[in-house]
Amino acid sequence: MKHPIILKRRTLAIAAAALAAILLAGCAGPAGGGGTTGERAADAAGQAAGAESAVGQAAGATGAGMKPSGRTALTGEPIRIGAIYALSGNNAAIGTNILRGIDFAAEDINAAGGVDGRPIEIIRGDTQGDEEVARAVAKRLITEEQVHAIVGCHQSTLTEIVAEVCEEYHIPMITAISTVDSISTHHNEYFFRLCPMNSLYLENMFMYMKEQAEQTGKEVKTIAVFADNSMIGQEAIRCARIYAPQYGMEIVKEIQYGQGAADLTDEILELKAAGADAVLAESYVSDASLLMRTMYEQNYRPPILIAKANGFADPSFIPATRGMSEGVTSVVEWNPDMTKGQEINRRFKEIFGVDMNGHSAESYTAVWTFKTAFEQAGTEDGETVKDVLTKIDIRESFPDGPEIILPYDRIKFEDHVFDGVRHYHNNIYASVAIAQIQDGEYKTVWPFEYSNQRIEYPAGYGNR
């Protein structure tokens, strides 16, 4: 089945400071321990009206781009959501960034009245990037912390393990980040994927290569695929083989290289000799940077180089390749210049000092999805919430909440078949955007209705 895609006040300083203190205190708290979002919200509900007003003004419904509504006192037991990510070790920066989106969503929801007046409480769990730790953390959050739902993880192998634990204990789980196709093939009744699968990332890349001709007047007829020999790299090549004929393109060269390569000269010379209209790339950041340096040395300048995010979307990529990567395009799950989510990102940046990115925007959306499911269920019972998630259909915006800020307008979890394999509970309307490096930063260029920026063709690579 082909994946559907829909293309088509300044805050008072004292209020912002109050919300900033609440959020930053949560980020600094120990993984899985105290200082949770819900505890802060519950405390705030019981304190003086002046403190409640300060937080409400900073994260209130009107400021969140939501429908205006009066702040409702939070009463009753909290809805407890476990957030399981790597908060220490090599991937701690990614996990911390994801938690910003989760905390921010919980504060927005609680400021607007919570879940039918009940506060959302976020309980952290640190996987340390380890499979067995992830399993233990999931069990602890369910059996000891008594969470009602889980969001996680950002490493697909760990997401698969945590999904198994949630299935055992009948706890609904949403992953906002993990994209490897295979994790949705196990028919876990309590597991739901908000983000696109890897295969959909690839299809959106082919869509872009097809539709960019509307602006550039240049059709892509031949492509070369450049990917490492990891599972993700192999999946990129497999999907490219599926989609190329569907979009009227021919793969004229496939190159798989060893991840962490010391030299890519031979590979770049092969790409150059192939002379493809576009290069589709999948690399981690060190390899992506080496790719750009080697292309520069060999004077290889394909008109289009499109990457499946990964290393090309890493914050260190542009600084490491400045003067060599102008015009490179990459998948992004969200970007600050998109025409959606501008007000939400403005408030987010006031609190954290950085823009939202794809991961924090996706995790923000996942918490709002759970909020909607709990309200429609009218209970925190896992089986009932699971049943609601299988039928939920959110269009344009959340009920009495913000617009869907991601580059699609609908959230609906369904089963579907891709390449002869059935997948379960994927958000079939999910899609990604494409951004191009222009003037040293990624600027959204597709889908066209979410962008105010025109495509630069051919890629300049610094106009050397």
Any heavy-atom pair between the side chains of I434 and T444 that's under 4.5 Å?
no
Counting C-beta onward and ignoring hydrogens, is there a side-chain heavy-atom pair between Y257 and F226 closer than 4.5 Å?
yes
Look up atom CD in Q376 and atom OG1 in T384, then write down how far apart they are to the nearest 0.5 Å.
13.0 Å
Output yes when a side-chain donor or acceptor of Q212 lies under 3.5 Å from a complementary backbone atom of K218, and no otherwise.
yes
Do the numbers put K340 on top of the ring of Y450, so that NZ or CZ is under 6.0 Å from the six-membered ring centre and no more than 45° off the axis?
yes
Between OH on residue Y442 and OG on residue S330, distance to nearest 0.5 Å
4.0 Å
Ion pair check, D393 and R410, cut-off under 4.0 Å
yes
Is it true that atom CG of N452 has more than 12 heavy atoms of other residues, nucleotides or ligands lying nearer than 6.0 Å?
no
From CD1 (I255) to CG (D228), nearest 0.5 Å
13.0 Å
Side chains of Y208 and V445, heavy atoms from C-beta outward: is any pair under 4.5 Å?
yes
Any chance the rings of F413 and H425 have centres within less than 6.0 Å?
no
Can you find a heavy atom in the side chain of I174 that is under 4.5 Å from one in the side chain of F370?
yes
Looking at K412, I'd like to know if its NZ atom is crowded, meaning that more than 12 non-hydrogen atoms belonging to other residues, nucleotides or ligands lie closer than 6.0 Å.
yes
Taking the ring of F348 and the ring of F104, is the distance between their centroids below 6.0 Å?
yes
For the student: nearest non-hydrogen atoms of V367 and A106, plus distance:
CG1-N, 4.3 Å
Describe, in one word, how the ring planes of H423 and F418 are oriented to each other, choosing from parallel (under 30°), tilted (30 to 60°) and perpendicular (over 60°).
tilted
Assess the side chains of H154 and N91: does a donor N or O sit below 3.5 Å from an acceptor N or O?
no
Is the backbone of I455 close enough, under 3.5 Å, to the side chain of Q215 for a donor and an acceptor to pair up by distance?
yes
In terms of side-chain heavy atoms, does S88 have a donor or acceptor partner in D126 at a distance below 3.5 Å?
yes
Would you check if the side chain of T329 reaches a backbone N or O of L305 as a donor-acceptor pair within less than 3.5 Å?
yes
CZ/R395 to CD1/I411 distance, rounded to the nearest 0.5 angstrom?
12.5 Å
Determine whether a donor-acceptor pair (N or O, by modelled atom type, separation under 3.5 Å) exists between the side chain of R193 and the backbone of S178.
yes
Please confirm whether K272 makes a cation-pi placement over Y300, using NZ or CZ under 6.0 Å from the six-membered ring centre and within 45° of the ring normal.
no
Quick one: are L280 and F206 in side-chain contact, heavy atoms under 4.5 Å?
yes
A side-chain contact here means heavy atoms from C-beta on lying under 4.5 Å apart; do W368 and I109 qualify?
yes
Look at the side chain of E254 and the backbone N and O of I237, then say whether any donor-acceptor pair between them is shorter than 3.5 Å.
no
Q259/D287 under side-chain contact (heavy atoms from CB on, under 4.5 Å): CA gap, chis, key distance, verdict:
CA-CA 7 Å; Q259 184 180 332; D287 297 338; 3.8 Å; yes
Main-chain N/O of K443 paired to Q436 side chain as donor or acceptor, under 3.5 Å
no
Under 3.5 Å donor-acceptor, Y457 side chain and G217 backbone
no
Run the salt-bridge test on K349 and D355 with the 4.0 Å N-O cut-off and return the result as yes or no.
yes
Determine whether R135 and D130 satisfy the following criterion, salt bridge (Lys or Arg N to Asp or Glu O under 4.0 Å), listing intermediate values before the conclusion.
CA-CA 9 Å; R135 188 186 308 276; D130 181 87; over 6 Å; no
Neighbour count above 12 (heavy atom, 6.0 Å) for Q342 CD
yes
Dump the intermediate steps for side-chain hydrogen bond (donor to acceptor under 3.5 Å, both in side chains) on E203 and Y247, then the final yes or no.
CA-CA 9 Å; E203 182 169 19; Y247 286 86; 2.7 Å; yes
Given E145, H148, E380, the one that forms side-chain hydrogen bond (donor to acceptor under 3.5 Å, both in side chains) with R80:
E145
To check you understand the geometry: which heavy-atom pair defines the closest contact between V385 and P172, and what is its length?
CG1-CG, 3.9 Å
Do E189 and Y424 have a side chain donor and acceptor closer than 3.5 Å?
no
Would you find more than 12 non-hydrogen atoms of other residues, nucleotides or ligands less than 6.0 Å from N90 atom CG?
no
Name the residue from I84, I150, V151 that meets the side chain to side chain contact (heavy atoms under 4.5 Å, CB included) definition with M173.
I150
Provide the closest heavy-atom pair for N426 versus M197 in the form atom of the first, atom of the second, distance.
ND2-SD, 3.3 Å
Minimum-distance pair of heavy atoms, taken over all atoms of E362 and P196:
OE2-CD, 4.2 Å
With side-chain contact (heavy atoms from CB on, under 4.5 Å) as the test, would you mind laying out the steps for D419 and I242 before giving the verdict?
CA-CA 8 Å; D419 195 26; I242 293 170; 3.6 Å; yes
Given 3.5 Å as the limit, does a donor-acceptor pair link the side chain of S363 with the main chain of I98, or not?
yes
Minimal heavy-atom distance between S397 and E403, with the atoms involved, is CB-CA, 3.6 Å
Under a plain distance cut-off of 3.5 Å, with no hydrogens placed, do N198 and D181 share a side-chain donor-acceptor pair?
no
Could you give me the CA-CA distance, side-chain angles and deciding distance for R293 and E297, then say whether salt bridge (Lys or Arg N to Asp or Glu O under 4.0 Å) is met?
CA-CA 6 Å; R293 290 195 298 271; E297 292 165 0; 5.9 Å; no
Looking only at non-hydrogen atoms, find the nearest pair between V432 and P447 and report the distance.
O-CD, 4.0 Å
Hey, are N357 and S360 close enough side-chain-wise for a donor-acceptor pair under 3.5 Å?
yes
Worked verdict on I223 versus E250 for side-chain contact (heavy atoms from CB on, under 4.5 Å)
CA-CA 6 Å; I223 64 171; E250 178 187 1; over 6 Å; no
Would E350 and R347 pass as an ion pair if we require N to O under 4.0 Å?
no
Going by distance alone, is a donor N or O of one side chain under 3.5 Å from an acceptor N or O of the other, for Y201 and E235?
no
We want to know whether E167 and H186 form a side-chain donor-acceptor pair, criterion being a heavy-atom distance below 3.5 angstrom.
no
Side chains of P399 and T372: closer than 4.5 Å at any heavy-atom pair?
yes
For C153, is there any backbone N or O sitting under 3.5 Å from a side-chain donor or acceptor partner on T159?
yes
Between T390 and D387 (side chain of the first, backbone of the second, donor and acceptor by atom type, cut-off under 3.5 Å), is there such a pair?
yes
Within the 3.5 Å criterion, strictly below it, is a donor on Q453 or Q438 matched to an acceptor on the partner's side chain?
yes
Just wondering, do W446 and S451 contact through their side chains at under 4.5 Å, heavy atoms?
no
For side-chain contact (heavy atoms from CB on, under 4.5 Å), just list the numbers for K253 and E270, CA-CA rounded to whole Å, side-chain angles, deciding distance to a tenth of an Å, and then say yes or no.
CA-CA 8 Å; K253 193 68 179 180; E270 288 185 58; 3.1 Å; yes
